[in-house]
Amino acid sequence: MCGIIGVALRRGNAAAEVYDGLERLEYRGYDSAGMSVKTDGGTVTVKRGGRVANLKDSAAGLSGNVATGHTRWATHGEPSDKNAHPHVAGKFSIVHNGIIENYRELKEERLKGGAEFVSDTDSEVIVRLLNKDYSGDLLAAGAATVKRLKGSYALGILCEDFDGIIAVKYKSPVVVGFGEKGIALCSDIPALPEWVSAVCVPEDGDIVSISAQSASFYDGELQPANRVRRPIFAGQFNCGRGDYPHYMLKEIHETERTVRDTCDAFFRNVDVKRLTDYVRNADRIILTGCGTAYNAGLVAKRFFSDRCGVFCQVEIASELRYSPVHITGSTLVLAISQSGETADTVEAVSSLKEAGAHVVAVTNCGYSAITRVAHLTVPVCAGAEVCVAATKSYIGQLAALYLISNLTSDIFAARKKLLEVGGKVGELLKGCGSADKIAKECAQSSAVFFLGRGADYAVAVEASLKLKEISYIFSDGYPAGELKHGTLALIDENTLSVIIICDESLAEKCENAVSQVASRKGKVAVITSLEVVAEKLKDTAAVWKIPECSAQLSPFVSAVALQMVAYKTAVSLGRDPDKPRNLAKSVTVE
Ligand code: F6R
């Protein structure tokens, strides 16, 4: 949700480093891109609407040792050249990720002060304020400016009088990376330059003065602040998409590895004793997240109900703050987030923590905001997920949650089952011919309904999200039993219903849904792990028989099958599955 990057180099060309960084950061927004470079002739800024590639030629001509860059996901002001960052005024250039909630009032004030605004963005007020507040002391101007801002911001600021970058963080993510070539700042660790070997994560309110040699951290009162420097190996993240045509396909093929690594990290890195105490003593368990992470909670709720015998509820994080939930000192909150930066999730679990709950983060990103809120973190080891649509991280979340749910029973048996089901995903991905058939049906339908019962219903909800976000076909995930209570009215020969049947005890009832749709001339596809169901329905529906597995763990396999259907549908319609329109990864605004 907007990406910012900056580098101050001892050697090399900062413009080239920033351009490469923008390509890596593009998953955070692709409405426009821009960069400012300190050259021998002063600061030069180039920016373009659209993809980062549009900037390539202009960036190629620039050179200097300090530069900042931005990829935009538009919130205020349409995607265009003029609304692209960096925003420049007087001696300053700024890149901003976040939202300035009081920008109207600040803009009004600056307009009265004689400033002229050239964009429709909220961010431009920051650069206008900096100009007003600056009289030679850069840190003081930065502190004065951010004191006026309400909202969230990660900033990279260049000033003509300083051969470096000022970074500011409040509620939006930014990390500072150190390495042999110099110092970098970036929204996400995986997008840092390869030469970075250690990172510091500023705290909310911090202001950081970065030069090629050093970075000094200050709190909001400009008192020196000591921030821990941790070693990393940035090169491990920047692995490209290899021979795959899209990141989405590559990442789906990393599912089995994700399950394995998530299991390994659970036993290696998690404070299992403390986590077991949380689970054993929980009077209720609340699973929360947004989008796909929430959908992982829908599946996992069944793990906990089955294993822990405790009341378990799943809440959409963006609604949780407005829901009356009962919290005690024994309530366990499992905060699910790939990025660990989703503002709604971070805010929701912060307030539950304040109310006394134990908060456990289930996340793919160490050092992220959610890990700082949580009492404990359970890592999801999907590795960098570049495709905007979550795939391997969803399955990794399921694996981590399954392990947690088995802490008070036989955790080693749970691990074995997970490794087995990971293998089934590998088996599935060796033969996806049926995905082509179902994708073709999807692409030719005006709407696609995903239906199931029990865990299959939870998968249906995720399958629907995946299809709609990357193919732009209307879809809905629905309990199969609810069909006749309303949705059946929408079924006609132009709609497709995809019915997921992986639980033998519910199969007959799901077959009823197949008949109900088929008798209204609706098209039907079936994804099933059950041979008998596949055989029975082969003349009524397009059937994909997926590898057999237990009903409880079947979502690991059926969800991947449906990710493949979504992927193939999007590609057949000429959509870019990695960068769906209007979306961005890591939703750091509320
Ligand atoms: C859908 C998708 C989103 C995210 C949601 C939460 O494919 O990726 O729905 O799941 O924005 O993001 P995280 O998991 O980073 O909190």
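Reckoned from all heavy atoms, side chains included, excluding hydrogens, waters and symmetry mates. Both counts, for ligands and for their atoms, begin at 1 and track the order of listing. The residues of the chain are indexed from 1 along the displayed sequence.
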What are the atoms of ligand 1, with element, lying closer than 4.0 Å to any heavy atom of [X]?
X	value
Q338	13 (P), 14 (O), 15 (O), 16 (O)
V388	8 (O)
K466	1 (C), 7 (O)
A293	10 (O), 14 (O)
A389	7 (O)

Task: Side-chain H-bond candidate by donor/acceptor type, E385 with N364, under 3.5 Å - done: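 No, no side-chain donor-acceptor contact under 3.5 Å.
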
Task: D188 and Y27 side chains, donor-acceptor separation under 3.5 Å - done: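 The criterion, which ignores hydrogens and geometry beyond distance, is satisfied for D188 and Y27.
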
Does at least one non-hydrogen atom of [X] fall below 4.0 angstrom from an atom of ligand 1?
X	answer
T363	no
E341	no
G289	no

- [ ] Test side chain to side chain donor-acceptor pair (under 3.5 Å) on Y567 and H246 and set out the steps.
- [x] CA-CA 9 Å; Y567 171 76; H246 299 101; 2.7 Å; yes

- [ ] Pick, from L583, V380, T391, T342, the option with the minimum heavy-atom distance to atom 13 (P) of ligand 1.
- [x]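 Ranked by closest heavy atom to atom 13 (P) of ligand 1, first place is T342.
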
Open item on the list: On a heavy-atom basis, I'd like to know which of E469, K468, Q563 is closest to atom 1 (C) of ligand 1.
Closed with: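 When every heavy atom of E469, K468, Q563 is considered, E469 comes closest to atom 1 (C) of ligand 1.
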
Report the nearest protein non-hydrogen atom to [atom]: residue, atom name, distance rounded to 0.1 Å.
atom	result
atom 11 (O) of ligand 1	V587 CG2, 3.7 Å
atom 6 (C) of ligand 1	C290 O, 3.2 Å
atom 3 (C) of ligand 1	T292 N, 4.0 Å

- [ ] Could you give me the CA-CA distance, side-chain angles and deciding distance for E101 and K150, then say whether salt bridge (charged side-chain N to carboxylate O under 4.0 Å, His left out) is met?
- [x] CA-CA 5 Å; E101 289 164 3; K150 287 195 188 126; over 6 Å; no

Task: For T331 against H326, the heavy-atom pair lying closest together - done: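 Looking at all heavy atoms of both residues, the closest pair is OG1-O, 4.0 Å.
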
Based purely on interatomic distance, does [X] place a nitrogen or oxygen under 3.5 Å from a nitrogen or oxygen of ligand 1?
X	answer
A390	yes
S337	yes
S339	yes

Open item on the list: Could you check whether any side-chain N or O of E251 sits under 3.5 Å from a backbone N or O of V386, counting only pairs where one atom can act as donor and the other as acceptor?
Closed with: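 Such a contact is found between E251 side chain and V386 backbone.
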
- [ ] Decide salt bridge (charged side-chain N to carboxylate O under 4.0 Å, His left out) for E203 and K169; before the verdict, give the C-alpha distance in whole Å, the side-chain angles of both, and the deciding distance to 0.1 Å.
- [x] CA-CA 7 Å; E203 290 187 4; K169 173 185 160 38; over 6 Å; no

TODO: Validate the cation-pi geometry between R284 and F311: distance from NZ or CZ to the six-membered ring centre under 6.0 Å, angle to the ring axis within 45°.
DONE: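 No; the conditions do not both hold, so R284 does not lie above the ring face of F311.
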
Task: Geometric cation-pi criterion, R581 with Y472: 6.0 Å, 45° - done: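 Relative to the ring axis of Y472, which defines the angle, R581 lies inside both limits.
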
Task: Output field: ring centroids F303/Y402 closer than 6.0 Å - done: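 Yes: the rings meet the under 6.0 Å criterion.
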
